[in-house]
Amino acid sequence: QVQLVESGGGLVQAGGSLKLSCAVSGRTLSSYSMAWFRQTPGKEREVVACINWSGGSTYYGDFVKGRFTISRDDAKSTVYLQMNNLQPEDTTVYFCASPEYAFYSATYQSRAYAYWGQGTQFPVAS
């Protein structure tokens, strides 16, 4: 059974940094692309970042503008999202996601992902 568990949320000041983690169990992480999405109530889920199964390519949502970095540690079966220069508009629920099939190229399309974490949220104080 595949499980994704996000962690790392907490109160942060505007301009501050936070690092989210996504622990993956039930599969060999090195064979799978991974992604972070976020969703605000009433809005569509949008991609934050995704990373190819090989770790050789990444993709970021337009709003990131160089502030966030996605990375992976396959030995620890964990994917990370380092977020810098956080702003109040970044306050929403963040999810990590993994596709159904191994060696599937990373994509910004949420429908390509079969497994999702429960989400984590953090307030950004202005």
Side-chain angles (χ1 to χ4, degrees):
Q1 182 181 2
V2 179
Q3 288 189 323
L4 284 64
V5 179
E6 301 96 340
S7 62
L11 178 63
V12 61
Q13 297 294 319
S17 299
L18 203 62
K19 188 173 185 177
L20 302 182
S21 300
C22 174
V24 182
S25 61
R27 59 178 29 180
T28 302
L29 182 60
S30 60
S31 299
Y32 295 88
S33 298
M34 293 292 295
W36 287 94
F37 287 81
R38 70 182 192 180
Q39 186 169 24
T40 301
K43 295 186 178 181
E44 291 188 2
R45 189 167 294 186
E46 62 179 345
V47 67
V48 178
C50 53
I51 186 167
N52 206 34
W53 59 271
S54 66
S57 63
T58 56
Y59 174 90
Y60 294 92
D62 290 340
F63 67 90
V64 171
K65 297 180 181 179
R67 300 181 297 141
F68 299 174
T69 302
I70 188 172
S71 62
R72 59 191 299 153
D73 185 337
D74 292 336
K76 295 182 178 180
S77 200
T78 302
V79 179
Y80 303 99
L81 183 67
Q82 175 67 47
M83 302 178 291
N84 300 324
N85 192 22
L86 284 163
Q87 300 300 318
E89 54 266 31
D90 293 316
T91 296
T92 186
V93 184
Y94 287 72
F95 301 88
C96 65
S98 183
E100 176 73 36
Y101 301 109
F103 310 116
Y104 195 90
S105 296
T107 174
Y108 59 88
Q109 297 178 337
S110 62
R111 65 176 181 267
Y113 295 88
Y115 299 98
W116 295 81
Q118 81 286 353
T120 186
Q121 187 171 12
F122 51 89
V124 180
S126 58

ILVMFWY network linking Leu20 to Phe68, side-chain heavy atoms under 4.5 angstrom: yes

Pair Leu18-Val124, side-chain contact (heavy atoms from CB on, under 4.5 Å): steps then yes or no: CA-CA 10 Å; Leu18 203 62; Val124 180; over 6 Å; no

Those residues that, when tested against Tyr59, pass ring pair (Phe, Tyr, Trp, His ring centres under 6.0 Å) (two or more places apart): Tyr108

Residue pairs, two or more places apart or on separate chains, that pass salt bridge (Lys or Arg N to Asp or Glu O under 4.0 Å) and touch residues 48-70: Arg67-Asp90

Check against side-chain contact (heavy atoms from CB on, under 4.5 Å), Leu4 and Met34: CA-CA 11 Å; Leu4 284 64; Met34 293 292 295; 3.9 Å; yes

Closest approach of Val48 to Val64 (non-hydrogen atoms, all atoms of both residues): O-CG2, 3.5 Å

Separation between OG1 of Thr120 and CZ of Arg38, rounded to the nearest 0.5 Å: 14.0 Å

Pairing residues for Ala114 by the side-chain contact (heavy atoms from CB on, under 4.5 Å) criterion, not counting sequence neighbours: Glu100

Non-neighbouring partners of Ser105 that pass side-chain contact (heavy atoms from CB on, under 4.5 Å), sequence neighbours left out: Asn52

Side-chain touch Thr92/Lys43, heavy atoms, less than 4.5 angstrom: no

Sequence neighbours excluded, every pair satisfying disulfide bond (SG atoms under 2.5 Å apart) that has a member inside residues 33-77: none

Closest non-hydrogen atom pair, Ser126 against Gln13: O-OE1, 4.4 Å

Cluster overlap Ile51 with Val2, hydrophobic side-chain contacts below 4.5 Å: yes

Closest non-hydrogen atom pair, Leu11 against Ala125: CD1-CB, 4.3 Å

Partners passing ring pair (Phe, Tyr, Trp, His ring centres under 6.0 Å) against Phe63 (at least two apart in sequence or in another chain): none

Partner set under side-chain contact (heavy atoms from CB on, under 4.5 Å) for Glu44, not counting sequence neighbours: none

Asn85 CG to Ser17 OG distance, which is reported to the nearest 0.5 Å: 8.0 Å

Any residue meeting ring pair (Phe, Tyr, Trp, His ring centres under 6.0 Å) with Tyr101, in chain and number order, not counting sequence neighbours: none

Aromatic plane relationship, Trp116 with Phe37 - under 30° parallel, 30 to 60° tilted, over 60° perpendicular: tilted

side-chain contact (heavy atoms from CB on, under 4.5 Å) against Val93, all qualifying residues, sequence neighbours excluded: Phe95, Gln121

Closest heavy-atom pair and its distance - Gln87, Gly15: NE2-N, 3.9 Å

Ser7 backbone acceptor or donor facing Ser21 side chain under 3.5 Å: no

Side-chain donor/acceptor of Ser77 to backbone N/O of Val24, under 3.5 Å: yes

Glu6 (side chain) donor-acceptor with Gly119 (main chain) under 3.5 angstrom: yes

Minimal non-hydrogen separation, Ala102 against Tyr32, with atom names: N-CE2, 3.3 Å

Atom pair OH (Tyr113) and OG1 (Thr107), whose distance is rounded to the nearest 0.5 Å: 5.5 Å

Pairing residues for Tyr94 by the ring pair (Phe, Tyr, Trp, His ring centres under 6.0 Å) criterion, not counting sequence neighbours: Phe122

Single-linkage hydrophobic cluster Met83~Val12, side-chain heavy atoms < 4.5 angstrom: yes

N/O donor-acceptor pair under 3.5 Å between Thr28 side chain and Ser30 backbone: no

Listed partners of Gln39 passing side-chain hydrogen bond (donor to acceptor under 3.5 Å, both in side chains), at least two apart: Arg45

In one Ile/Leu/Val/Met/Phe/Trp/Tyr side-chain cluster, 4.5 Å: Ile70, Trp53: no

Atom pair CH2/OH of Trp36 and Tyr80 - distance to nearest 0.5 Å: 10.5 Å

Under 3.5 Å donor-acceptor, Ser33 side chain and Tyr104 backbone: yes

Residue pairs, two or more places apart or on separate chains, that pass salt bridge (Lys or Arg N to Asp or Glu O under 4.0 Å) and touch residues 73-89: Arg72-Asp74

Distance, nearest 0.5 Å, that separates SG of Cys96 from CG of Leu81: 10.0 Å

